[in-house]
Amino acid sequence: MILLRSLLYQIIFIGSTLYYSSAIILAGRLGASTETVGRLGCAWGLFNLAALRRICGLTYRIQGSENLPAEGQTVIALCKHQSTWETVALRGLFPPTQSWVLKQELMRLPFFGWALAQQQPIALDRSDARRSVIKLIRDGEKLLAAGRWVIIFPEGTRVAPGVRQPYNIGGALLAEKSGYPVLPIAHNAGYFWGRRSFIKHPGTIDLVIGPMIQTKGRKSTEINAEVEEWIESTVASLPKREGFDREVAERD
């Protein structure tokens, strides 16, 4: 049954992505405002969160809502990366004026990549680390000053639950140079929707929003260490999906 539900959701996910991507591309070409284009992206995220709940029995709960910035306040959001789920959730749950740091290759995807281009992302060439950092800081400061959140996955790739990978310094460097605060975000989505898994297990994902980290006058290494420690310790404290350890043991 889980397999069939996951298949049905995947079909809806692909269909909704094509539909909303087309709407975003059209809106952009017709000269719609960046906020209107962003709201279409948020609608895609919220639609898929609802579809996951109805079809797969996969829902979520948010902790730390009181740590969200006041309306109109701009932040750098650094989030744990375990799954596709958080790319859906953050797009739907956060303000429409958000810009993502992502790999350049995604921009070449038909429809989805074209729609991403309308969302004012920071697309980086991972083969050139030095230029990527320069671009991240330059574009990030402009977007923050324009009132947009900058969303970064500091691990740079999806990491399996229980695995710890050093955080890239780029997000912390942007925070040091710009002085904007960092909003750390932790979750346990990887236990329910694995990074390379087609299966979406029923259950409740915990999304935890941490206290704002002030960055003015601080070094990037200090900022990065504080963000990593908070996110990783919080993730370690979140519950695992029932049966997860048994499944891992059987695979091994």
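Remember, it's a predicted structure, so these values are computed and weren't measured experimentally.
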T157 and R195: side-chain hydrogen bond (donor to acceptor under 3.5 Å, both in side chains), yes or no, with the steps?
-> CA-CA 9 Å; T157 187; R195 63 190 181 119; 5.7 Å; no
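- When atom types are taken as modelled, the side chain of R5 and the backbone of I55 share a donor-acceptor pair closer than 3.5 angstrom.
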Do W85 and V88 pass the side chain to side chain contact (heavy atoms under 4.5 Å, CB included) test, and can you show the C-alpha distance, the side-chain angles, and the key distance before you say yes or no?
-> CA-CA 5 Å; W85 181 84; V88 171; 5.6 Å; no
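- Residues P95 and Q98 approach most closely at O-NE2, 2.8 Å, considering heavy atoms.
- Under a 3.5 Å cut-off, the side chain of N168 and the backbone N or O of P154 do form a donor-acceptor pair.
- Annotation: side chain of K80 is not in contact with side chain of I185 (no heavy-atom distance under 4.5 Å).
- In this structure, CD in E105 is found 11.5 Å from CE in M107, a value given to the nearest 0.5 Å.
- In terms of modelled atom types and a separation under 3.5 Å, the side chain of S83 and the main chain of G194 share no donor-acceptor contact.
- Few gaps surround CD on E66; more than 12 heavy atoms of other groups in view lie less than 6.0 Å from it.
- Dense packing is recorded around CZ of F198, with more than 12 heavy atoms of other residues, nucleotides or ligands lying under 6.0 Å away.
- Nearest heavy atoms, P96 versus C42: CA-SG, 3.6 Å.
- Contact between I2 and P202 at its shortest, heavy atoms only, is CD1-CD, 3.9 Å.
- With hydrogens and angles disregarded, no donor-acceptor distance shorter than 3.5 Å links the side chain of D125 to the backbone of S132.
- Residues F153 and I205 fall within the same hydrophobic cluster, defined by Ile, Leu, Val, Met, Phe, Trp and Tyr side chains chained together at heavy-atom separations under 4.5 Å.
- The nearest pair of heavy atoms linking A189 to E86 is CB-OE1, 3.9 Å.
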Residues T234, S237; criterion side-chain hydrogen bond (donor to acceptor under 3.5 Å, both in side chains); working and verdict | CA-CA 5 Å; T234 302; S237 71; 5.4 Å; no
Decide side chain to side chain contact (heavy atoms under 4.5 Å, CB included) for S16 and N48; before the verdict, give the C-alpha distance in whole Å, the side-chain angles of both, and the deciding distance to 0.1 Å.
-> CA-CA 8 Å; S16 69; N48 276 282; 3.1 Å; yes
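- A continuous path of Ile, Leu, Val, Met, Phe, Trp and Tyr side chains, each step under 4.5 Å between heavy atoms, connects L90 with L68, placing both in one hydrophobic cluster.
- Looking at S33 and T36, their side chains do bring a donor and an acceptor atom within 3.5 Å of each other.
- Looking at Q119 and I24, their side chains come closer than 4.5 Å, going by heavy atoms from C-beta outward.
- Note on I169: it does not cluster hydrophobically with Y180, by side-chain heavy-atom contacts below 4.5 Å among ILVMFWY residues.
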Any chance you could lay out the side chain to side chain contact (heavy atoms under 4.5 Å, CB included) test for L93 and L207, step after step, and finish with the verdict?
-> CA-CA 11 Å; L93 298 173; L207 179 69; 4.0 Å; yes
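- The CG atom of L174 sits 7.0 Å away from atom CD1 of I137, with the distance rounded to the nearest 0.5 Å.
- In R54, the CZ atom is not crowded: 12 or fewer heavy atoms of neighbouring residues, nucleotides or ligands sit closer than 6.0 Å.
- Contact annotation: the side chain of I209 approaches that of L183 to within less than 4.5 Å [non-hydrogen atoms, C-beta and beyond].
- Between E228 and L78, the closest side-chain pair of non-hydrogen atoms is not below 4.5 Å.
- With rounding to the nearest 0.5 angstrom, the CD atom of Q165 is 10.5 Å from the NE2 atom of H81.
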Decide yes or no on side chain to side chain contact (heavy atoms under 4.5 Å, CB included) for Y19 and W44, but give the supporting numbers first.
-> CA-CA 9 Å; Y19 173 81; W44 169 80; over 6 Å; no
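- W149 has its ring centre less than 6.0 Å from the ring centre of F94.
- Nearest heavy atoms, Y167 versus N224: O-ND2, 3.2 Å.
- Between I122 and W100 the shortest side-chain heavy-atom distance does not fall below 4.5 Å.
- Between the S197 side chain and the W193 main chain, no donor and acceptor come within less than 3.5 Å of each other.
- Using a 4.5 Å heavy-atom threshold, the side chains of Q82 and E155 count as separate.
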Evaluation steps, side-chain hydrogen bond (donor to acceptor under 3.5 Å, both in side chains), between R29 and Q118 = CA-CA 9 Å; R29 290 182 177 176; Q118 300 290 333; over 6 Å; no
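- Interatomic distance, NE2 of H187 versus CG of D206, reported as 11.0 Å (0.5 Å rounding).
- Between the CZ atom in R218 and the OG atom in S220 there is a gap of 11.0 Å [rounded to 0.5 Å].
- At a threshold of 4.5 Å between non-hydrogen side-chain atoms, the residues R130 and I134 count as touching.
- Linking ILVMFWY residues whenever their side-chain heavy atoms come closer than 4.5 Å, directly or via other members, leaves L124 and I151 in distinct clusters.
- At a threshold of 4.5 Å between non-hydrogen side-chain atoms, the residues L52 and T59 do not count as touching.
- More than 12 heavy-atom neighbours from other residues, nucleotides or ligands sit within 6.0 angstrom of CZ on R138.
- Nearest heavy atom pair, residue P211 against residue P184, reads O-CD, 3.4 Å.
- Salt-bridge check for K177 with E141: failed, with every basic side-chain N at 4.0 Å or more from each acidic carboxylate O.
- A chain of hydrophobic side-chain contacts below 4.5 Å, direct or via other Ile, Leu, Val, Met, Phe, Trp or Tyr residues, connects I14 to F111.
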Might you work through the side-chain hydrogen bond (donor to acceptor under 3.5 Å, both in side chains) test for S99 and R148, ending with a clear yes or no?
-> CA-CA 7 Å; S99 293; R148 298 183 68 85; 2.7 Å; yes
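- Expressed to the nearest 0.5 Å, how far CG of L40 lies from CD of E35 amounts to 11.5 Å.
- A distance-only check finds a donor-acceptor pair linking the side chain of R241 to the backbone of Y191 [under 3.5 Å].
- A side-chain hydrogen bond (donor to acceptor under 3.5 Å, both in side chains) with T84 is found for one member of R158, K200, R196 and no other, namely R158.
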